[in-house]
2 protein chains.
Amino acid sequence: MTTRKSALRLRPRAGNLYDGKCATRGVLDHITSRWGMLILILLIDRTLRFSELAREIGGVSEKMLAQSLRALEDDGFVLRTVYPTKPPSVEYSLTPLGTQLAPHVRSLTTWVEKNLSAVLTFREKKHLRKAS
Amino acid sequence: MTTRKSALRLRPRAGNLYDGKCATRGVLDHITSRWGMLILILLIDRTLRFSELAREIGGVSEKMLAQSLRALEDDGFVLRTVYPTKPPSVEYSLTPLGTQLAPHVRSLTTWVEKNLSAVLTFREKKHLRKAS
DNA sequence: CGGTATCCAGCGCGATACTG
DNA sequence: CAGTATCGCGCTGGATACCG
């Protein structure tokens, strides 16, 4: 129940840009979300089951994992395949669209990881300067 | 006052990945935030003043703009230059680090903008299938 | 002009419990 | 195994007012 208006939460409050498309932010929210990025990156390498994703990511609640997967599926980036075995198993993989998108996400995170030490060092120097 | 522990809010709750670096998420939060992305992209083209940024972005409160700029400045992506004129003026530009980062952000948003119609169409088809 | 301080409503997200 | 349902708190971010 609750809200039946899907996960789209574009803010009609003000006319910001993103080339005039407010909906872009909605999609970006899904993609750049904490778990969304990890899901997209992990699925580049191979198809994964729900529990495998949970294990790989670590520290994600079932609720948030399901929710993030749902959002990416609704946007057409992730394909959900159900095998009616007993017990049931569900596999997640990237769609062609997701396969295009994921590298962009990975290049961003990779850059940040590589330059993380530079950022932390910079923060430290700023901090010392204030404590002069 | 309030919290004097800087803007860093890494969650020590669970050991997720990002190559073992939790702080990476903190940086990514700043970069991929609603206004953070816009700031980085806009500053690629040219240096902008506070009020110019506010006008270009549109619909951002002074509080959030200042907060986002502050986070990016603390991380070493944005350079803040104060000119002690009367009235005062402040210019924001990208640091060398920010100049490296921003294109990654732009490539992501550009891709999403280009493929937004595909996403929206996909959502529509899903919606119709459910209403069968 | 370029901010900070304060207040507070809303919902994001974690915890917990239950299901096919 | 792979989820959904419900509750409640905490933090995000908008509104408003004020300052150098």
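The chains referred to below are lettered A, B, ... by the order of the sequence lines, with proteins before strands, and numbering in each begins at 1. Since the structure is predicted, the reported quantities are computational estimates derived from the model, not experimental observations.
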Nearest-neighbour nucleotide for the [X] side chain, [options] considered:
X	options	value
A:K63	C:dG2, D:dG3, C:dA15	C:dA15
B:S61	D:dG3, D:dG14, C:dG3	D:dG14
B:P88	D:dG3, C:dG14, D:dG20	D:dG20
A:A66	C:dG14, C:dT6, D:dG3	D:dG3

Phosphate contact ([N] OP1 or OP2) by [X] side-chain N/O below 4.0 Å:
X	N	answer
B:R49	C:dG2	yes
B:R80	C:dG2	no
B:S51	C:dC1	no

Protein-nucleotide distance (A:L65, atom CG; D:dC1, atom P), rounded to Å: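 Atom-to-atom, A:L65 to D:dC1, this comes out as 13 Å.
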Can any side-chain N or O of B:E124 pair as donor or acceptor with the backbone N or O of B:T121 at less than 3.5 Å?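 No: the side chain of B:E124 does not pair with the backbone of B:T121.
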Have a look at A:Y92 and say if it touches a base, only the backbone sugar-phosphate, or nothing, with a 4.0 Å heavy-atom cut-off.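 Sugar-phosphate, no base atom in range.
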Using rotation axes that map the C1' atoms of four end pairs onto the next four (five pairs an end), what angle separates the end axes of the helix from C:dC1-D:dG20 to C:dG20-D:dC1, to 10°?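 Answer for the end axes of this duplex: 50°.
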Review item, side-chain donor-acceptor pairs of residues 96-104 of chain B, under 3.5 Å, at least two apart:
residue, atom, partner, partner atom, Å
B:T99, OG1, B:T95, O, 2.7
B:Q100, OE1, A:W111, NE1, 3.1
B:H104, ND1, A:S107, OG, 3.4

Hey, which sits more toward the 5' end of DNA chain C by its nearest nucleotide, A:E62 or A:P87?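 Whichever sits nearer the 5' end wins; that is A:E62.
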Indicate if B:L42 and A:L28 have the same hydrophobic cluster label, given that clusters are the connected sets of ILVMFWY residues with side-chain heavy-atom separations under 4.5 angstrom.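 They do share one cluster, since a chain of ILVMFWY contacts under 4.5 Å joins B:L42 to A:L28.
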Indicate, with yes or no, if A:I44 and A:L79 share a hydrophobic cluster defined by side-chain heavy-atom contacts under 4.5 Å among Ile, Leu, Val, Met, Phe, Trp and Tyr.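 Cluster IDs for A:L79 and A:I44 differ.
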Output every pair passing salt bridge (Lys or Arg N to Asp or Glu O under 4.0 Å) with a member in residues 75-95 of chain B, not counting sequence neighbours, ordered by first then second residue.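 Those involving residues 75-95 of chain B are A:R123-B:D75.
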